[in-house]
Each structure stands twice: as C-alpha cells, then as structure tokens.
Amino acid sequence: MDDMFKEALELVKAQATVRAMTAEEMTAMVGTLAKSLQALSQPVVEPAGAVPAAIAKVDAAKSIRETAVTCLECGKVCKIITGKHLALHGLDADTYREKWGLKKGTPLACKALARARRKKMKEMQLWERRKSAAGAKPKADEAAPATGKVAKAATAKPKGRPKKA
Ligand SMILES: [Zn+2]
C-alpha cells in the first residue's frame with residue numbers, strides 16, 4: 001500500500017468517526033482521495049506556452065534588440081511596434097509595456113532607431129532653444145541696434161527671396 005492510500009485511509013477513517021458510512025462509501029472515498037492526493041503530489045507541469053513571469057520579463061527586455069524589436073503579443077519582428085499594430089492586440093504602448101513588465105517610457109523600437117530618434121529629438125530641442133534664444137533678445141536689440149538689425153535681416157532673407165523670384 002503506498003503512502004497516498006494510507007493517507008486517504010486515515011482521512012476516511014476520520015470521516016467515518018464523524019458520520020456513519022457504508023463500506024462502499026468508504027472504499028469509494030479512499031479511491032477518490034488517493035487519486036486526488038496523488039494528483040496533488042505530482043510536480044506541477046507548466047502547460048506548453050505558459051512562461052513563468054520572471055522569464056517573461058527577461059524576454060520582454062530581450063525583445064528590443066539593436067536592429068529589430070519583437071512584438072511580444074504575436075512574435076512579429078519589426079523595426080518599431082506602432083500604435084496601430086498594438087491596437088490589433090487591443091493594447092496601446094502603455095498597456096503593452098505594463099503587461100510585459102517593460103519600464104515606463106521604453107521606446108517600442110529597435111535600439112538603433114530609438115537612438116537615432118533620441119538624437120533627432122536632442123537636435124530639435126537645441127534648435128528650439130536656439131530659436132527661442134534668438135527671439136528673446138529684444139532688449140539686446142535696444143542696447144545694440146546694429147547687431148539686432150543684422151540678425152533680423154539674416155532671418156528675413158529666406159522669407160523675402162521667394163517673393164522676389
Ligand atoms: Zn503583434
């Protein structure tokens with residue numbers, strides 16, 4: 001008799017002291033209990049395709065590579081996961097990142113593209129800063145009218161040319 005049966009028998013014995021049981025009932029109960037105990041003692045086998053959360057997170061980080069990014073929903077490999085694509089899965093960038101444990105604000109694009117984009121953003125910010133710095137100089141113009149005129153003429157030129165042509 002294996003341990004499961006012994007255990008089941010003990011449980012049935014205990015049950016039998018609480019209420020009157022027929023021999024058939026007891027036998028049936030031992031059988032079912034032994035079976036469920038056996039099932040409980042089995043190592044839990046992950047169904048195919050189910051990935052433990054910890055591994056899923058590692059994979060999520062790995063899904064963003066130098067020249068390609070993998071959609072963790074469908075496995076599609078592309079340069080960038082667009083909002084339009086995520087909509088196919090009923091997600092948007094934020095819910096996607098949350099679902100797969102990606103850090104907030106992680107670009108859903110391959111690293112090269114994300115880097116290029118960051119660089120471009122920086123350049124644009126620099127350009128904006130330069131523009132606003134140039135625009136925020138009326139006081140300097142008053143102080144030094146000569147340089148102010150030069151600056152104005154320089155910015156006006158490209159606008160003026162097409163009119164003349
Ligand atoms: Zn997808």
Side-chain angles (χ1 to χ4, degrees), residues 1-12 15 28-138 140 151-165:
M1 201 184 277
D2 60 20
D3 288 347
M4 292 307 156
F5 250 98
K6 268 186 209 161
E7 224 170 298
L9 206 57
E10 287 305 312
L11 285 167
V12 175
Q15 185 69 25
M29 199 169 172
V30 172
T32 21
L33 276 173
K35 238 184 243 169
S36 24
L37 284 169
Q38 187 89 48
L40 283 174
S41 72
Q42 292 288 325
V44 179
V45 181
E46 291 283 342
V51 188
I55 293 175
K57 272 186 188 177
V58 172
D59 281 354
K62 271 191 204 159
S63 74
I64 299 165
R65 294 185 303 278
E66 184 60 29
T67 54
V69 60
T70 308
C71 172
L72 291 160
E73 291 288 325
C74 65
K76 192 183 172 210
V77 178
C78 37
K79 294 265 178 210
I80 185 164
I81 301 177
T82 60
K84 204 173 161 190
H85 180 84
L86 287 175
L88 296 175
H89 305 306
L91 295 167
D92 60 32
D94 281 337
T95 48
Y96 177 86
R97 279 190 284 258
E98 207 172 298
K99 181 171 177 182
W100 292 101
L102 287 164
K103 242 194 266 172
K104 235 181 180 183
T106 305
L108 299 180
C110 67
K111 282 177 185 168
L113 203 64
R115 208 161 43 228
R117 209 194 241 188
R118 236 182 349 253
K119 198 178 160 201
K120 190 132 198 186
M121 289 277 257
K122 229 175 247 176
E123 281 170 5
M124 271 166 70
Q125 275 167 5
L126 271 178
W127 174 243
E128 288 294 322
R129 225 174 288 156
R130 240 178 262 154
K131 259 201 329 200
S132 62
K137 266 187 182 169
K152 265 179 198 165
T155 50
K157 253 185 190 171
K159 275 183 192 169
R161 260 180 201 162
K163 273 182 195 169
K164 279 176 195 168

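For ligands, and for the atoms within them, numbers begin at 1 and follow the listed sequence.
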Are the side chain of T95 and the backbone of L91 linked by a donor-acceptor contact shorter than 3.5 Å?
-> no
Can R115 and E66 be counted as an ion pair, charged N to O under 4.0 angstrom?
-> yes
Any idea how H85 and H89 line up, ring-wise: parallel (<30°), tilted (30 to 60°), or perpendicular (>60°)?
-> perpendicular
How far apart are the closest heavy atoms of A34 and A8, and which atoms are they?
-> N-CB, 3.6 Å
Atoms of protein origin (N, O or S) under 2.8 Å from the Zn ion (ligand 1) = C71 SG, C74 SG, H85 NE2, H89 NE2
Check: T67 main-chain N/O paired with K79 side-chain donor or acceptor under 3.5 Å = yes
Is Y96 reaching over with its side chain to a backbone N or O of L72, donor-acceptor style, under 3.5 angstrom?
-> yes
